[in-house]
Amino acid sequence: MSEKAFLQIKDLSVQYTSDHQTIHAVNGTSLRLERGETLGLVGETGAGKTTIAKTILRILPDKAAKVAGGEIWFDGQELLGLKEEEMRKIRGNRISMIFQDPMTALNPTMVVGYQIQEAILLHNSCTREEAKTRAGDMLEKVGIPRERYDDYPHQFSGGMKQRVVIAMALACNPELLLADEPTTALDVTIQAQVLEMMSGLKKEFQTAMVMITHDLGIVAEVCDKVAVCYAGVIVESGTAEEIFDHPAHPYTVGLFGSLPDMTGTRNRLTPINGMMPDPTELPSGCYFAGRCPHATAACRSVRPEMKHLGGTHDCRCIVKGGEQ
Amino acid sequence: MAKYILKRILWMIPIIIGVIFLVFTLMYFTPGDPARNALGMTATEEAIEAWNAEHGLDQGFWVRLFNYYKGILHFDFGTSYTNGVSIAGEILSRFPYTILVGMLTLVIAVAVGIPTGVLAATHQNTWIDNLCMAGTMFFTAMPGFWFCLVMVMFFSLRLGWTPVSGYETWRHYIIPCVAMGVGSSAGIARQTRSSMLEVIRQDYVTTARAKGQKERNITYNHCLRNGMIPILTVIGGFLAFLISGSLVSEQIFSIPGMGVYMFKGIQQKDVPVVLGCTVVIAIYFCVIMLVTDIVYTIVDPRMKTAMISISKKVRKDGKK
């Protein structure tokens, strides 16, 4: 693989320490993303998706979390080795993040306009007045009237708050946007509106995006590429067509199996049995072996490598990889 | 909001009437004869009766209570039994000293307490945190007068930097205010630390960090403001305690404040003095509580909505 990818994560491992236990949240994740592309990072709760995003921005809690290894290359710069001061100039400016829960992501004691303006003032040499005007423009862009600049977060509804969070993230025209389940906390009708708005803004600003979600419907709608994350490892990656049309990894197949099918005659969903392995004691073989219907003895002892299936399609499975 | 404040001010009236009633009744039933105290053991029966008639003490409880209320309306707190000086005048001359010492003490307590608490919270479980908390534990445990005396011994007697006692120049106020201020900062520091620790883990702090905000601004703009409500409660309580608690420093440094005045009044069973001081303290309490509540709404806008909606609800319930 070339070094030229816009965002490239190589063998990233992140661990949390709590009560003298080590939690292996991310275990050798590799990802790549080009300018303007949207990558869907899919996986169930606790798969390490949010941790990956927070590691890119380096906003993990200082004491509890530790990057155990790996590299993150962003536009020719290695982020993990950057000085805090240089990293601060990238945060909110070239890379920004939309958080999962709009109810708690906004500071309740500050007017929303100021919270948007803050990022603009930090990263641009402009006066307070200019920053205020630009923050007002951003509010209008996400469909909130400029007059609400001086309102506090508790005066907004959930969907409106998420718009504010999005306006905040896009305020400095970031080159990379990390969207951490931006619609999970919203109800379905608002979800559609927010997604549509995000796609529009993304096109307007030519932003690359990592869309973290567990909703495959959203992935199908907005993503160019997909990476499926399981227990902190990417088990399958490729273009959206490759993954949706030819899912190879048993976990991905299981994910699709647990979706309701509107056209078929199937009445019951097929869930994936079992639970994700305990992140404090990961199994020695394939992490998915315990829940996999195709698991063999080899699966339980050998950790599978990423196999190339053609195109950009890669899969981390001994048994299923290659036969489609 | 103006309506809310007006309402709170009107509420002060029944509170003060109630406070006067309680203190008046208590003083009425406590044993001891003010006339004897004033005239001495050798006074004749006639002299005592005359003294009682002069001060209106020959009348019944309700008449005296009513007369007292009537006096308050004209800002007349009566005269002292022991020296016949007007109490209103005495309080007016003493109150500024107590307020001056109290405010300076508060400024020092806040200036020391809040940064200490913030420092401890941002360095949780490190030696800095341990040092700050050990310090606050020490000052909480040590009585204020002890700290005052130690400072006087060191700075006034040994080094001769400040006068020992008195109230004439600003130098006189350094030791009382610093000693009491540092002592009171302990409570503020502990509260600051615990409410900062709660706020530091909130999502919006991560949001601020993700914006590229500087760590210092995150701590003081984003965190502290959100953690301010419990800290303000502690400061409000401290301010309320200030008048009655000023006795110690006033006594040690001979500052002519309210604390000493009231204490002497109680000792000599000088009923009008005690009553007068109590009324002033009650009004002061109510004002401090109101100011604290108003500051709440400035710090946290959600409180404003809550307060206005509560007062509306009360009004609706009243109409039923």
Side-chain angles (χ1 to χ4, degrees), chain A residues 50 53-54 56-64 84-112 114-124 150-155 161 164-165 168-169 171-172 174 177-178 180 185, chain B residues 1 119-130 192 195-233 294-310:
Chain A
T50 304
K54 284 190 174 170
I56 298 174
L57 266 186
R58 287 193 17 205
I59 50 171
L60 287 168
D62 266 350
K63 281 158 226 151
E84 178 62 24
E85 191 52 32
E86 289 166 51
M87 192 62 218
R88 214 175 52 66
K89 285 182 188 142
I90 293 179
R91 276 185 211 134
N93 186 21
R94 300 186 62 195
I95 308 178
S96 65
M97 186 158 172
I98 298 172
F99 291 90
Q100 185 170 356
D101 189 355
M103 302 300 166
T104 56
L106 292 170
N107 189 330
T109 58
M110 288 181 179
V111 297
V112 294
Y114 178 78
Q115 298 190 46
I116 299 169
Q117 181 205 325
E118 207 181 5
I120 300 171
L121 263 181
L122 274 167
H123 300 295
N124 298 284
D150 285 318
D151 281 354
Y152 287 95
H154 70 274
Q155 292 163 310
K161 273 186 213 168
V164 174
V165 172
M168 213 159 70
C172 294
L177 183 63
L178 308 169
D180 184 6
Chain B
M1 199 61 200
L119 193 72
T122 48
H123 295 81
Q124 196 197 1
N125 297 334
T126 62
W127 66 270
I128 298 176
D129 182 22
N130 292 339
T192 306
S195 54
M196 280 296 280
L197 284 179
E198 228 165 80
V199 172
I200 269 172
R201 298 195 183 85
Q202 297 289 328
D203 284 349
Y204 52 79
V205 177
T206 314
T207 311
R209 205 161 279 138
K211 259 185 257 184
Q213 187 54 276
K214 295 182 188 93
E215 209 52 40
R216 208 189 143 75
N217 287 347
I218 293 174
T219 308
Y220 283 93
N221 288 350
H222 287 267
C223 299
L224 190 56
R225 192 155 174 198
N226 278 283
M228 210 56 204
I229 296 291
I231 303 172
L232 278 174
T233 313
I294 293 170
V295 175
Y296 280 164
T297 65
I298 297 170
V299 169
D300 191 338
R302 285 168 300 177
M303 299 288 256
K304 191 170 176 175
T305 325
M307 270 179 197
I308 290 170
S309 67
I310 285 171

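Letters A, B, ... are given to chains in the order of the sequence lines, protein chains preceding strands, and every chain is numbered from 1. Keep in mind it's a predicted model, so treat the numbers as computed, not measured. As a basis for the values below, the full set of heavy atoms in this structure was taken, side chains included, without hydrogen atoms, waters or symmetry mates.
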Practice item. Search all heavy atoms of I59(A) against all heavy atoms of A210(B) and return the closest pair with its distance. Key: CD1-CB, 4.0 Å
Check your understanding: Which heavy atom in P108(A) sits nearest to a heavy atom in P301(B), and how many Å separate them?
Key -> O-CG, 3.6 Å
Check your understanding: Side chain, backbone, both or neither: which part of V205(B) has an atom under 4.5 Å from a heavy atom of chain A?
Key ->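 When you check distances to chain A, no heavy atom of V205(B) falls under 4.5 Å.
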Using a plain distance cut of 3.5 Å, could you tabulate donor-acceptor pairs between chain B and chain A?
| unit_1 | atom_1 | unit_2 | atom_2 | d |
| --- | --- | --- | --- | --- |
| D203(B) | OD2 | T104(A) | OG1 | 2.5 |
| Y204(B) | N | T104(A) | O | 3.1 |
| T207(B) | OG1 | A105(A) | O | 2.8 |
| A210(B) | O | G92(A) | N | 3.0 |
| K211(B) | O | H123(A) | NE2 | 2.7 |
| K211(B) | NZ | Q115(A) | O | 2.8 |
| K211(B) | NZ | E118(A) | OE1 | 2.7 |
| G212(B) | O | R88(A) | NH1 | 2.7 |
| Q213(B) | NE2 | E118(A) | OE2 | 2.6 |
| H222(B) | ND1 | N107(A) | ND2 | 3.0 |
| H222(B) | NE2 | E118(A) | OE1 | 3.2 |
| H222(B) | NE2 | E118(A) | OE2 | 2.6 |
| R225(B) | NH1 | T109(A) | O | 3.4 |
| N226(B) | ND2 | N107(A) | OD1 | 2.7 |
| N226(B) | ND2 | T109(A) | OG1 | 3.4 |
| T305(B) | OG1 | H154(A) | NE2 | 3.1 |

Point to revise | Atom group of M168(A) that falls short of 4.5 Å from chain B, counting heavy atoms | key: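 Contact with chain B involves the side chain of M168(A) alone.
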Check your understanding: Quick one: what part of L106(A) sits under 4.5 Å from any heavy atom of chain B, side chain, backbone, both or neither?
Key ->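 Contact with chain B is through the backbone of L106(A) alone.
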